[in-house]
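As a basis for the values below, the full set of heavy atoms in this structure was taken, side chains included, without hydrogen atoms, waters or symmetry mates. Residue numbers start from 1 in every chain, and the chains themselves are labelled A, B, ... in the order their sequence lines are given, proteins ahead of strands. This structure is a prediction, so every number in the text was calculated from the model and none was measured.
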Amino acid sequence: MEYNYREIEKKWQGAWKKSGVYKVSNDSPKPKFYVLDMFPYPSGAGLHVGHPLGYIASDIYARYKRLKGFNVLHPMGYDSFGLPAEQYALETGQHPAVTTEKNIETFRQQLDNIGFSFDWSRELRTSDPHYYKWTQWIFLQIFNCWFDKKENKARRIEDLVEIFEQTGNTADNGQRQTQRLFSANQWKDFSDEEKQEVLMEYRLAYSAFGEVNWCEALGTVLANDEVVNGVSERGGHPVVKKKMRQWYMRITDYAERLLGGLEKVDFSDAMKEMQRNWIGRSEGAEIEFSLTPNPSPGGEGSKQSLKIEVYTTRPDTIFGVDFMVLAPEHELVSQITTKEQQPAIDNYLTYVKSRSDRERMAEVKQVTGCFTGAYAVNPFSGKQIPVWIAEYVLAGYGTGAIMAVPCGDQRDFDFAKHFGIPVTNIIGDYFNGQDANPTKEAILTNSGFLDGIQMKDAIAIVNDKIEEIGIGQRKINYKMRDAGFSRQRYWGEPFPIIYKNGVAYPVDLNELPVELPHVEQYSPGPDGQGPLANIREWVNLGGGIQRETNTMPGYAGSSWYFLRYMDPHNDAEFADKKATDYWNQVDVYIGGTEHAVGHLLYSRMWTKVLYDLGYIGFDEPFKKLVNQGMIQGVSQIAYVATNDFEEGVHKSMRNTVTIPNSPPASVPESMLHLYSSEILNDENKHLFKPYNIPVDVVEINTVNSERNMLNIELGQKLYSQRLSAIYIKSKTYYYKGNWRSWNEENNSWEIIEAQPFFTASMSEKMSKSKYNVVNPESLIDKYGADTFRMYEMFLGPVEQSKPWDTKGIEGVHRFLKKLWRLFFDEVKGPIWTTLAPSPSERAGGEVSPEELKVLHKAIKKIGEDTERFSYNTAVSAFMVCVNELHDLKCYKKEILEPLLILLAPYAPHIAEELFHQLGNTTSVIDAHYPKFESKYLVESEQEYPVSINGKMRTTIIMSADVQPAEAERIALANEVVNKWIEGKPVKKVIFVKGKMVNVVV
RNA sequence: GCGCAUGUGGUGAAAUUGGUAGACACGUCAGACUUAGGAUCUGAUGCCGCAAGGUGUGGGGGUUCGAGUCCCUCCAUGCGCACCA
């Protein structure tokens, strides 16, 4: 009997589906465990080998925990709203719902082939009205609450109204988000519109005018993390700043808790660090600087006492302030500019406006700025300080103004140097006059009352002083901005918001969901509005009431989907509290690093809001996060000479090729030497042009001797022998010494035209255009899902990114066949045995200590490795175990059966099949994980490595309970040891029990 | 520029607490069985060397009886952030 994976896998996938073995109950006496994958966006391209990596890892863990006696929730669904479906709709007119449905079908089929243990009865899709009803509902909860800074949590907006009614908005009730302060009576006199306007400044989901990242090509606004280097993350279109009314999530209010929450979750340091950087907390102080009266004629400034408020993290350097800089957009600029400087300032402002973010980022840091003519006064030294404006100060951070300390800050130093502003040195020898030195170690000089104090101690002293004399206070700032929450798109959740007299109101809860209307056209509406604005009858509700026409961004649905899995069919609530209490946090969350800031921060925020409002009992969604590495494609590239090519010339290719002035972008540096020095000197030049060769040509359509035909070594070989030539087209194969193309019409191979080339391979992202996509189907067809699963795990640590390489898959496949042969012989059939029931009948057929040792070694190792996600070493432990059982000729059910249970999480199909072949009638999926017994590993003797002066020289077998003195005696008596001691006196002998012996001479 | 991560055979990698570096595989070489081998099995395989032996975890330095592992420093690669005061 042969290992027929095709039949076995089909059979069991069908059987599992039929028996509903993966259906999970919310009602179980077992302890719970929640294993979650980041759900996929169902793109049209389908799965490639990189996608399932995380799914396989989580599946193994889920199955393992189930065997360990847990009630495991392991669901899957689709993040099915999003841009690509809409872009596709724009191009083809196909409704996104249709393409999404089709794509999901493909995904599902691909996933099913791999044998995952998902509970599909809990499947969800973010674009399903039954789901987004609750996305809208949660949005309204967020809309209807504000962040109480005293209690550091979200509260119902009604509570705030009550506060306003009782005490108004005063400086001391801690809620002065708005600039507007008012008494209780004033509040009561406000019109409804005014009240709503005030409340909007508190709501956690709010609408406001703001500078947004506007992407003309996509016709929408993008969140900060969707913009990369000034262009859109999707598609790479230019992005500009634009003022628009937008919805926002007031995530900045949660900055401190998002930061603090990182302490109690198990994420990688890199991941935590990325989130910390994104939040960007800094401690400092806000300090007011008075301006000297504006001397210009008619100067109104002389009457008012204008002040510039700056933010600094280094108040200790205040005596080193040589100038001040305002952001060009700063509101004071127009007030303080002197008449003489007005033309220059106007010029500069025009220049700043003319530059997009893109330009500012693209160029190397350039020093620009302009003097306003105004002077501020240092509150401590009384020194007059010129006030400048410059691009390098950002309006959106801190107060939009800085005190510049050139000796301590490189940007300030560069600025001072460029504009010839004298630099005050307050750090003595720490300042070399050439560069700024941001040290905190220096003893301050030229610093008035701070002289002689070390900088890091001076910070607190200055802060106290500032607060004492009332010119400022300590202040914590965050780089993070509120998250833009509206998109001018069609394929997303509509907002459950209507406008009356321009004021936003929530729709009635019983009107949810606000369903996405069907449209025939996806082109943008007027004035930068989304496509929904085109549907008049949907937008206009009569009586001057209108719907919001924006839709929610991609991260809306994904910010809470992990909760919905707990109770996916509930029509009365987003999830029953009983269900969320039972399942609680996601115990293990697996997905890629690309969601480090976006998705993870937003879902953490939503969880905290729901927690604050009492809907759920935990405020961090994910207890442990495992980041799977990216699997890169290995592109096979042929560098082909592109100029005219004469017969025979390839024989002296060395003289006929060169590269253009700059090498083609994708020529790996390691290849350049091949032709650069020796080849350049000829008039008869050829240019090399890189072509991506489809990888399946290399992987599949080659026979053994031609395998790896296109790898780098061979490319070099072919090149150096000047032998081969190719012409690249997508359906081109190197076969039997020739490059051939399949001619569809004649149904035959044709040898094709030859050109000189050399080849190389390089790792890059898998993509269709690079012809380097390897999809699971062909591999599963050739080796089976179990082999595929184990091979993906065997490739290396889950967290590590690595290039895909199909070569090693044979080894894993061989392992499974070898396992099979412990049970069945091709000719003889079943060879596994079982012990007779009574000891008297066994006659030497007992399970031997060696066999038990092999088994229990595996139980220990594989259990530990699985627990810590070290799947590659677990797979290797399986191999070791099977190899050893083969050596022992052990075919005993008593050993093999527990091994199958160990294997079930990794290779469920073959494990199930063999488990049944052994006579079991229940599923291996519900078996009990074998218990490790250390007694089987106890040895009476142990081999000790013996080193002389730390160099390993020999090994000696000693009894397990050997005492140090005895071990020393044995070691020193050893022949090899004596040879290396060379008669020198032994200084000491180090004996570490169970480890080694080291003789020092 | 700042932050984080990673550097180990021809290749993917292992070494969990400082204790026999290279487990397990791929590949390669030799052999067995075979009409055949893209099946299976056996053996070899870090590098130098006939061998004894030497040498070896990116480079240099240090701590230690002992360092891939700890410390310092430099280099390379990858990722993230990037005028955040």
Where the side chain of A:Asn378 meets the backbone of A:Phe319, is there a donor-acceptor pair that is under 3.5 Å apart? no
Over how many whole Å does the gap from A:Asp269 atom CG to B:U6 atom P extend? 10 Å
Searching all strands shown, indicate the nucleotide that pairs with B:A76 (Watson-Crick or G-U wobble; both distances under 3.5 Å). B:U6
Of all the choices, B:C83, B:A13, B:G12, which nucleotide is nearest to the side chain of A:Tyr392 once you look at every atom? B:C83
Quick one: which of B:A25, B:A14, B:C41 gets closest to the side chain of A:Thr873? B:A14
Ring centre gap for A:Phe323 and A:Phe415 strictly below 6.0 Å: yes
Which listed nucleotide (B:C26, B:A85, B:C24) is nearest to the side chain of A:Arg814? B:C26
Regarding the side chain of A:Tyr311, the nearest nucleotide among B:A13, B:C24, B:A85 is B:A85
Can you say whether the rings of A:Tyr397 and A:Tyr311 are parallel (under 30°), tilted (30 to 60°) or perpendicular (over 60°)? perpendicular
For B:G38, measure the glycosidic angle (O4'-C1'-N9-C4 for a purine, O4'-C1'-N1-C2 for a pyrimidine) and name it syn if it falls within 90° of 0, otherwise anti. anti
Taking atom P in both B:C71 and B:G78, what distance in whole Å separates the two? 25 Å
Ignoring backbone atoms, establish whether A:Ser947 has a side-chain N or O less than 4.0 Å from OP1 or OP2 of B:U20. no
B:C72 to B:U17 separation - C1' atoms, rounded to the nearest Å: 24 Å
Phosphate OP1/OP2 of B:A5: any A:Asn627 side-chain N/O under 4.0 Å: no
Should B:A32 form a Watson-Crick or G-U wobble pair with both distances under 3.5 Å, which nucleotide is its partner? B:U40
Separation of the C1' atoms in B:G22 and B:U8, to the nearest angstrom: 8 Å
Nearest-nucleotide pick for A:Asn277, side chain only, options being B:A14, B:G3, B:A85: B:G3
A:Asn872 atom CG is separated from B:A25 atom C1', nearest whole Å, by 11 Å
Quote, to the nearest angstrom, the C1' distance that separates B:U20 from B:C81. 44 Å
Spacing between A:Trp980 atom CH2 and B:G54 atom C1', to the nearest angstrom: 9 Å
So, A:Tyr3 versus A:Thr787: side-chain donor-acceptor pair below 3.5 Å or not? no
note: A:Asp887, atom CG; B:C24, atom P; distance rounded to Å ~ 11 Å
Please give the nucleotide sitting opposite B:C50 as a Watson-Crick or G-U wobble pair, both distances under 3.5 Å, or none. none
With rounding to the closest Å, how many angstrom separate the P atoms on B:G38 and B:U45? 25 Å
A:Arg821 side-chain N/O to B:C41 phosphate OP1/OP2 under 4.0 Å: yes
Using a 4.0 Å heavy-atom cut-off across all strands, classify A:Asn998 as base, sugar-phosphate, or nothing. base
Length of the CG-P vector between A:Leu262 and B:C4, whole Å: 15 Å
Determine the contact category for A:Asn477: base if any of its heavy atoms lies under 4.0 Å from a base atom, sugar-phosphate if only primed atoms, P, OP1 or OP2 are that close, otherwise nothing. nothing
With sugar-phosphate meaning primed atoms plus P, OP1 and OP2, does A:Lys817 contact a base, only sugar-phosphate, or nothing at under 4.0 Å between heavy atoms? sugar-phosphate
Can you label the angle between the A:Tyr783 ring and the A:His813 ring as parallel, tilted or perpendicular, going by 30° and 60°? perpendicular
If you pin A:Ala877 and A:Met403 to their nearest nucleotides in RNA chain B, which one's is more 5'? A:Ala877
With rounding to whole Å, what would you report as the distance between B:C70 and B:U6 at their P atoms? 10 Å
Partner of B:U20 under the Watson-Crick or G-U wobble criteria, both distances under 3.5 Å, comes out as none
May I have the distance from A:Glu391 (atom CD) to B:C83 (atom P), rounded to whole angstrom? 11 Å
For A:Ser268, answer base if it contacts any base atom (sugar-phosphate contacts may also be present), sugar-phosphate if it contacts only those atoms, and nothing otherwise; contact means non-hydrogen atoms under 4.0 Å. nothing
Any side-chain donor near an acceptor of the partner, A:Asn627 and A:Thr593, under 3.5 Å: no
Quiz question: by atom type and distance under 3.5 Å, do the side chains of A:Thr368 and A:Tyr348 form a donor-acceptor pair? yes
Against the side chain of A:Arg953, the closest entry in B:A85, B:A13, B:G54 is B:G54
Identify whether any heavy atom of A:Val992 sits under 4.0 Å from a base atom; if not, whether one sits that close to sugar-phosphate; answer base, sugar-phosphate or nothing. base
Determine which nucleotide pairs with B:U45, using a 3.5 Å limit on both distances of a Watson-Crick or G-U wobble pair. B:G27
By the Watson-Crick or G-U definition, both distances under 3.5 Å, B:U63 is matched with none
Do A:Gln942 and A:Met958 make a side-chain contact, defined as non-hydrogen atoms from C-beta onward lying under 4.5 Å apart? no
From the list B:U20, B:U11, B:A15, which nucleotide is the closest neighbour of the side chain of A:Arg868? B:A15
Mind checking if A:Lys979 touches a base, just sugar-phosphate, or nothing, with heavy atoms under 4.0 Å? sugar-phosphate
Using a 4.0 Å heavy-atom cut-off, does A:Met996 contact any base of the nucleic acid, only the sugar-phosphate backbone, or nothing at all? base
Between B:A39 and B:A44, how far apart are the C1' atoms? Round to whole Å, please. 22 Å
Inspect the contact between A:Lys860 and A:Glu864 and indicate whether a charged nitrogen and a carboxylate oxygen are less than 4.0 angstrom apart. yes
Assign A:Met274 to base, sugar-phosphate, or nothing according to its heavy-atom contacts below 4.0 angstrom with the strands shown. sugar-phosphate
Atom CD of A:Glu810 and atom C1' of B:U40: how far apart are they, to the nearest Å? 14 Å
If you assign each of A:Met480 and A:Val1000 to its closest nucleotide in RNA chain B, which residue comes earlier from the 5' end? A:Val1000
Closest to the side chain of A:Tyr397, out of B:A13, B:C4, B:A85, is B:A85
At under 4.0 Å between heavy atoms, what does A:Lys479 touch on the DNA or RNA strands: base, sugar-phosphate, or nothing? base
Nearest-angstrom distance from the residue atom CD1 of A:Ile948 to C1' of B:U20: 12 Å
So what does A:Gln800 touch, heavy atoms closer than 4.0 Å: a base, only the sugar-phosphate, or nothing? sugar-phosphate
Does the distance from a Lys or Arg side-chain N to an Asp or Glu carboxylate O, for A:Arg281 and A:Glu256, drop under 4.0 Å? yes
Given the C1' atoms of B:G46 and B:A13, what is the spacing between them in whole Å? 14 Å
Paired nucleotide for B:G1 [Watson-Crick or G-U wobble; both distances under 3.5 Å]: B:C81
Which is true for A:Ile990 with a 4.0 Å heavy-atom rule: it touches a base, it touches only sugar-phosphate, or it touches nothing? base
Under the 3.5 Å rule, do the base of B:U16 and the side chain of A:Lys861 count as making a donor-acceptor pair? yes
